[in-house]
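Here is the structure we will look at.
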Amino acid sequence: MLKKYDFVSIEEKWQQHWRDNDTFRALDPGDADFDPKQKKFYVLDMFPYPSGAGLHVGHPLGYIATDIVARYKRMTGHNVLHPMGFDAFGLPAEQYAIEHGVHPRITTQNNVDNMRRQLKGLGLSYDWKREISTISADYYQWTQWIFLQLFGSYYCAREQRALPIETLVTHLESGKLVVDDELQIVDAAATEGCTTMPYAQLSSADKEAVIDHQRLAYLANVPVNWCPALGTVLANEEVTADGRSERGNHPVFKRPLKQWMLRITRYAERLLDDLDQVDWPEPIKLMQRNWVGRSEGAMVDFALDDTKHSETPIRVYTTRPDTLFGATYMVLAPEHELVDMLTTPEQKDAIETYRRQAATKSEIDRQADVKIKSGVFTGAYARNPVNGQKVPIWIADYVLMGYGTGAIMAVPGHDQRDFEFALQFELPMIPVVMPDDAWLEEQAHAAGRPDAKGDKEKLHADYLANTREYGVAFSGEGVGVNSNNDEVSFDGKTTPEAKEVITTWLVKKRLGRFQVQYKLRDWLFSRQRYWGEPFPVLHAEDGTLRAVDNNELPVELPPMDDFSPPTSDDPAIPPKPSLSRATEDWRVVNIEGERYERELNTMPQWAGSCWYYLRFIDPRNSERMVDAEKERYWMGETGVDLYVGGAEHAVLHLLYARFWHKVLFDLGHVSTREPFGRLFNQGYILAYAYTDERGAYIPAEEVVEKEPGLFCHQDKPVERSFGKMGKSLKNAVTPDTMFTEYGCDTLRLYEMYMGPLEVSKPWNTRDIVGVHRFLRRIWRNFYQEEGEALLVSEGPADKDTKRLLHKTIKRVTDDLERMRFNTALAAMIELNNALVSLETLPREVAETLVLMLAPFAPHISEELWQAMGHQQSLSCEPWPSYDEALLVDDQIEIVVQVKGKTRGRVHVAPDADQETIHAAAMADAKIAKHIEGKSIKKVIYVPGRLLNIVAV
RNA sequence: GCGUCCGUGGCGGAAUUGGUAGACGCGCCAGAUUUAGGAUCUGGUAUCGAGAGAUGCGGGAGUUCGAAUCUCCCCGGACGCACCA
């Protein structure tokens, strides 16, 4: 009987075996066989979102990689936590359900089932007993619980961490903290210069307001991204730069709405600082830093030149207080609250027209008009605080309400936008920073200024007199000029010095203060959709809020037949949450005779994925989010040891999850500052896509290559392009077809063999046969083609084979440590190719090869391991080790260069010294020829590698 | 526009620290086996050249005994941000 490589039955057999024997169960502290001496290793894939289309071969790339790591770590003696679950709430699932006319609970369940089947078909070594899903009530109970933690805490500015809100109340009641006239909290010890009052004297409504103002989860009337076509609001992060929804590409409009917000901005500094503690790809860290967008500058008050309103200053934020003497006008965002008050009667019509235009202009139009500045004069003036100059106040949409104070001091000499605006509206311009000479010379030349011929004074004078003519603003650092008043001067001071001096002066004069500013906004946390976690919050009839008691959790999502949100093309229709259609017995709650209405918004998709890595540690705990001891064990010093996923989550998921984790850390629920110690971004799998003459995508599998370079669909030539594999480009390849044609071991190998995990690379089904042949060749090295005799011999391996084996162990081990799976495979292929010429495989070679292959191609490895007489799965066999002494060759090849060019090679004993090698080189006629007639200046010897003779 | 990363055979990619460029695989060529096809096996495969040899890592310069690797400029591509004061 022929023993052939029947991958289909082998793979089914072992998947069944692993399932039946619980092979990959991770042991927790307290479990019977738990070994506290074993090191833990938590390796995690990014939470997948099961779509209706199922997986394509691009999805498992990271899963295969983490599976290899997980299997390798088990063999190197680690206790490995390698779980999988499903993120299934949210817009995509709900949209899919609406399109198919089926309830999302059903479609989602189907999608999850299909995805689980596909994942299991890949032979991934997950501990499936820990599977979780964000949509099950025993999971989202804890999502709601975490929300209540946020709702029930505030950020203590002094301790720089979250504390229970009760602590704040205690401080307020004791008078340690007081409240100012804007109901902001002030330390009683630092009330100088502001009007304050004790908390105890406030009305109960005001007390409520003061407290609610501090909660990490709060309700606010904010301008939101309203997407009528989706019937919901979206987070800033979910809106593309051209003002459309990331999901579905629908138009998005700004409109004010009362929404739940999370105070992530309080954590901006720590989110930034703690990036230094994690082992993440630098580009991702950079993206997070840019997203947080920290800047240092000053808040400066400009008094109005108007006796009636001299008490109301215009506050601006600037990162360049050193240019204050050059501020020749001001600009407010069109939506700025002071615009109505400021506008003079003569300018009223013009201002109103402009504001209307700005309000109706979509984000796309605003983007398109960046090149041409627009704006209108309000008719009002302010006074520059450093020199008392009267400066006109304009409104313009190049100033955004969402950043800083929504108002700027314009310094046309040193800001490109202000420069362009000043040119267009003929506003004055005063240079107050002298650029460096290189800049001056270059710009003077570009602008066609008279050549100063290296005369620096002339160069400087020309710039000061003709700044406008230079065509660009100098926004770099330089030396102050034209910058002095009776009390302060920073003429001659460098930019950093000037910033310091002027801000200190402003502080002293009570005209401004130092300010750190962030681009990061608070996180908009409500959605008007059905398919999400309900908020555990009740609204009393007097408008106050009440958290649902912890023992009343979860607040379950009510079953609803009609769950779709009212959508519209009209941005003016007010948003109405889907849950407003729920029956009254869900919506209305009576507690102690009080009537409450439930919150009708639901949480966004990110909520469930913000903390799932914690639940995997203790997925069935009904008493706590996660058991403290288990959490300390698995999160260890640095949190998740390896977290693999795509770079598309760089700022959304990864920033949100870090924020939640820090809150949980502050409140003592988790033990590490950061959730993910090491992050690894896999590249994308790309594939060819084809478009017809209309530019529409054609299913890639229907395209044939008629002749080299000519691709046709139904005999019509089509255009070939290249992109991320997926539904939209119609170029997806499913793993299911790969399973039946080549087996999943082959698929796993191919995905790893394509190239380094972190880079994007093209899928090419044609190339798969290469690794499939490798597996077949391995099989044939164990089983002769004609018989079922196992070709494993008990004698020792010959010296060369043994040396190659140990070299291969070293290469594969090193490559696994640095996650270079492609080269690890290449090493094993080389070893196997060398084994083909042997009559039989010595057992030590056969077993070692199988063990090394096991993380990559576990099914065939288990089968061969069993064939060699082992009863147990190899999953916890020790990883092969190599003997350094066996790595040394009998003879080594030394490259001989003459003046850096390779002229020959000599073969010497591995311990040969430089003189021996030199002599051997000189004995070589070819090498000697190149040295002939020259004198040797220098000889460079790189031990074991190369000898370079420098002869002239 | 700004920022980050990347350009190596016909293709995917190797080259761990500045030290033999092209490992390994696909494809292709030749041979073996086979009724044929497929599968398998053996050998070859950067370019120019008959050859010795010369040239080659997007292009150009530089540092160095020696550069795919380090520096500068240019060209091309991918990703991110985008009037952020």
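Residue numbering restarts at 1 for every chain, and letters A, B, ... go by the order of the sequence lines.
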- Task: Starting at the 5' end of RNA chain B, write a dot or bracket for each base, bracketing those in Watson-Crick or G-U wobble pairs whose two distances are under 3.5 Å and using | for partners on another strand.
- Result: (((((((..(((......[....)))((((((.......))))))(((....)))..(((((..]....))))))))))))....
- Message: Does anything in residues 399-420 of chain A form a ring-ring contact (aromatic ring centres under 6.0 Å, His included)? List the pairs, not counting sequence neighbours.
- Response: none
Under 4.0 Å between any heavy atoms, over every strand shown, what does [X] touch: base, sugar-phosphate, or nothing? Just pick one.
X       : value
Q517(A) : nothing
K899(A) : sugar-phosphate
R905(A) : base
L286(A) : sugar-phosphate

- Query: In whole Å, what separates the C1' atom of G66(B) from that of G77(B)?
  - Reply: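 Taking atom C1' in both G66(B) and G77(B), they lie 31 Å apart.
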- Query: Expressed as a whole number of Å, how far does the C1' atom of A32(B) sit from that of A21(B)?
  - Reply: 33 Å
- Query: Can you find a donor-acceptor pair, distance only, under 3.5 Å between K937(A) side chain and C65(B) base?
  - Reply: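 Not at all, since no donor on one side and acceptor on the other fall under 3.5 Å apart.
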What are the atom names and distances for every N/O pair under 3.5 Å that joins the protein to nucleotides 51-58 of chain B?
unit_1: A54(B); atom_1: OP1; unit_2: R903(A); atom_2: NH1; d: 3.0

Could you tell me which residues satisfy ring-ring contact (aromatic ring centres under 6.0 Å, His included) with [X], sequence neighbours excluded, listed by chain and number?
X       : answer
Y72(A)  : W879(A)
F425(A) : W394(A), F421(A)
Y882(A) : none
F821(A) : none

- Task: List in chain and number order the residues that pass salt bridge (charged side-chain N to carboxylate O under 4.0 Å, His left out) with E648(A), two or more places apart in sequence or in another chain; answer none if no residue qualifies.
- Result: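 Listed in chain order: nothing, the list is empty.
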- Task: State which residues pass salt bridge (charged side-chain N to carboxylate O under 4.0 Å, His left out) with D889(A); sequence neighbours excluded, sorted by chain then number.
- Result: R803(A), K807(A)
- Query: Quick one: is R780(A) getting a side-chain N or O under 4.0 Å of the C41(B) phosphate, OP1 or OP2?
  - Reply: yes
- Query: Does D522(A) have any side-chain contact (heavy atoms from CB on, under 4.5 Å) partners at least two apart in sequence or in another chain, and if so, which?
  - Reply: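 Partners of D522(A) under the side-chain contact (heavy atoms from CB on, under 4.5 Å) test: Y218(A), M261(A), R263(A), I264(A), T265(A).
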Heteroatom pairs (N/O) under 3.5 angstrom, protein to nucleotides 22-25 of chain B:
unit_1: A23(B); atom_1: O2'; unit_2: E830(A); atom_2: OE2; d: 3.1
unit_1: C24(B); atom_1: O2'; unit_2: Y753(A); atom_2: OH; d: 2.3
unit_1: C24(B); atom_1: O2; unit_2: Y753(A); atom_2: OH; d: 2.8
unit_1: G25(B); atom_1: OP1; unit_2: N833(A); atom_2: ND2; d: 3.0
unit_1: G25(B); atom_1: O4'; unit_2: Y753(A); atom_2: OH; d: 2.8

For residues 751-759 of chain A, run the donor-acceptor check on the side chains, cut-off 3.5 Å, and write out each pair with its distance to 0.1 Å, sequence neighbours left out.
unit_1: E751(A); atom_1: OE1; unit_2: L61(A); atom_2: N; d: 3.4

